[in-house]
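Numbered from 1 within each chain, the chains take letters A, B, ... in sequence-line order.
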Amino acid sequence: MVSISVSHSTMLAAPASGGELLPASELARACGAEIEWVVQLVEVGIVESSAPAARPDEWRFMAGDLQRALEARRLQRDFEVGLDAAALILDLEREVRRLKAVLHAQGLRA
Amino acid sequence: MDFKDYYQALGIERTASEDEVKKSYRKLARKYHPDVSKEADAEARMRDINEAYDVLRDKEKRAAYDALAERVARGGSPDGDFHPPPGWDEGFEFHRGPGQGPADHADFSEFFSSMFGEAERRGAQRRQYRARGEDHHAAIEITLEDALSGAEREITLRAMELDAQGQPQFKPRTLSVKIPAGVRPGQYIRLAGQGMPGHGGEPAGDLYLEVRIAPHRLYRVEERDLYMTLPVTPSEAALGAQVKVPTPTGGVVEVTVPRNARGGLKLRLKGRGLPGKTPGDLYLLLEIALPPADTDAARKAYEELARAVSFNPRSQLGV
């Protein structure tokens, strides 16, 4: 087994915390997609650029955007859903996870 | 290494049509979706289903897998241990074209990696194009304590490397990852160059590690804030009190419970959540715990309270 210590790691930004913002092209690449697809995600509101700009190559994204974009990509690939339906599924998933965490904290099992 | 029966994983016959593969996958993916499923092994099942679908949905991979399965059925391996025969995939070429979505292979089994990971790469080499390596994705679960104070954690991934002869091989690889203090659930740590190797001299892709925080006995994490249930007695809630509360970093603080506090009241301890540029807060959710009436003295005290205070908690019920 090879052990490697990684020195060049960065943390992606989250709201009100420091970290690296992801350019639109890199968000696309991380999802195995093209930048045009990121433009569509912004249009339906699945991701939102932290740097408002007219040109997509100036857009910057946070960790939560990457998470939602990856999930949307899988939903599209596996279920062939439209992006509007994907957006709704993502919102519902987030709510289910939040509610489950509340139940868990109350000592109840979901 | 076990031979994986992908048809069994999807619950279909070997003769299943492309449409049947898709339908069966979708049904199972819904059944074992981690947010919906009640099954204990939902996450592991979901991985198996995803892996099986990755192979069976793809004509090239499915044909190669079928040919291999037939050889295994004919030859058999008495000890149940499986190794792919050399050259098993000759004549097959695997493509991962654009539009296929993220490469989730880091999660897949050793069986999958040794079959298709390497073969995909060789296919790419044969075509000799130049391309940056694909980005990879994996998750790392840390404790709340790690998130509060930062830590160094090891994660073992199956990753492709070139051996001494320049042949690609899948090997378990342990990465030591620095977890910065204040990391939140759902944040990503990006490890540059730790994804798939590039083709034709292009750089390797990156590895994105999604941070998950394991459920904690006392605290629940929401974004950068922490939530804790704080039990108080009815007298503390009614009269107000100073109570001791443990903080996530191991300290103890005194908190003032206001007079006439109700169950569900939220008290905020500013800046006691996850650290960061703007640190999160710690919220205490008041829960009123009844002292048991299991002694004469306790019963008498309850009776006196009932006599002294005329209080009907059911006045809203209209009866």
Side-chain angles (χ1 to χ4, degrees), chain A residues 1-20 22 26-34 37 62-81 89 92-107 109-110, chain B residues 25-26 29-30 33 35-36 50 53 96 98-104 132 134-135 137 152 154 156 161 171-178 180 182-184 186-194 205-211 215 219-224 227-229 274 276-278 280 285 287:
Chain A
M1 176 145 345
V2 196
S3 183
I4 300 170
S5 192
V6 178
S7 52
H8 45 301
S9 68
T10 47
M11 188 166 63
L12 296 193
S17 87
E20 176 196 19
L22 210 54
E26 289 177 27
L27 177 67
R29 196 175 60 208
C31 297
E34 304 294 325
W37 180 74
M62 295 199 190
D65 296 309
L66 173 59
Q67 198 177 32
R68 289 170 69 81
L70 281 170
E71 196 63 40
R73 192 74 179 157
R74 291 193 190 103
L75 286 169
Q76 274 194 310
R77 183 191 60 189
D78 296 342
F79 295 97
E80 290 165 32
V81 296
I89 292 169
L92 293 173
E93 267 181 1
R94 180 152 63 178
E95 187 59 9
V96 167
R97 285 172 200 170
R98 194 187 68 78
L99 291 173
K100 276 190 175 174
V102 172
L103 286 179
H104 182 88
Q106 305 281 333
R109 285 193 68 113
Chain B
Y25 168 78
R26 288 182 179 176
R30 277 171 51 205
H33 190 292
D35 290 327
V36 181
N50 277 330
Y53 188 52
R96 262 191 89 75
Q100 286 195 4
D104 299 324
R132 187 181 176 281
E134 281 179 80
D135 290 343
H137 300 272
E152 200 156 319
E154 292 203 328
T156 301
E161 283 169 9
K171 278 190 182 153
R173 187 173 50 143
T174 300
L175 295 178
S176 174
V177 182
K178 240 177 107 82
V183 70
R184 318 231 191 109
Q187 253 187 303
Y188 285 82
I189 295 169
R190 181 186 190 178
L191 305 174
Q194 299 292 340
D206 298 338
L207 171 67
Y208 288 91
L209 273 184
E210 184 191 346
V211 175
Y219 306 103
R220 173 170 70 82
V221 190
E222 205 175 304
E223 304 272 312
R224 58 180 193 263
Y227 288 79
M228 188 185 88
T229 302
L274 291 176
K277 208 164 64 180
T278 317
L285 296 169
E287 182 187 78

Asker: Without hydrogens or angle criteria, can the side chains of B:Y53 and A:D78 be said to hold a donor-acceptor pair below 3.5 Å?
Answerer: no

Asker: Taking all heavy atoms of A:A63 and all of B:Y188, pick out the closest pair and write down the distance.
Answerer: O-CE1, 3.5 Å

Asker: What residue in B:E210, B:R220, B:R30 has the most heavy-atom pairs under 4.5 Å with chain A?
Answerer: B:R220

Asker: Below 4.5 Å from any heavy atom of chain A, which atoms of B:V183 appear? Answer side chain, backbone, both or neither.
Answerer: both

Asker: Between B:Y208, B:Y219, B:Y227, which residue shows the highest count of heavy-atom pairs closer than 4.5 Å to chain A?
Answerer: B:Y208

Asker: Which atoms of A:R29 are under 4.5 Å from chain B, going by heavy atoms: the side chain, the backbone, both sets, or neither?
Answerer: both

Asker: If I measure from the heavy atoms of chain B, does A:E20 come under 4.5 Å with its side chain, its backbone, both, or neither?
Answerer: side chain

Asker: To the nearest 0.5 Å, what is the distance between CD on A:E26 and CG on B:D206?
Answerer: 7.5 Å

Asker: Taking all non-hydrogen atoms of both residues into account, name the closest pair between B:P180 and A:M11 and its distance.
Answerer: CG-SD, 3.3 Å

Asker: Give a yes or no answer on whether the side chain of B:H137 reaches the backbone of A:A30 with a donor-acceptor pair at less than 3.5 Å.
Answerer: yes

Asker: Is there a side-chain contact between A:L12 and B:Q187, using heavy atoms and a 4.5 Å cut-off?
Answerer: no

Asker: Can you name the side-chain contact (heavy atoms from CB on, under 4.5 Å) partners of B:E223, sequence neighbours left out?
Answerer: none

Asker: Below 4.5 Å from any heavy atom of chain A, which atoms of B:E222 appear? Answer side chain, backbone, both or neither.
Answerer: side chain

Asker: Non-hydrogen atoms of chain B under 4.5 Å away: do they reach the side chain of A:L92, the backbone, both or neither?
Answerer: neither

Asker: Give the minimum heavy-atom separation between A:E93 and B:D35, together with the two atoms involved.
Answerer: CG-OD2, 3.4 Å

Asker: Relative to chain A, which of B:R190, B:E287, B:K277, B:R224 shows the most heavy atom pairs under 4.5 Å?
Answerer: B:R190

Asker: Taking only residues two or more places apart in sequence or in another chain, which ones pass side-chain contact (heavy atoms from CB on, under 4.5 Å) with B:V36?
Answerer: B:H33

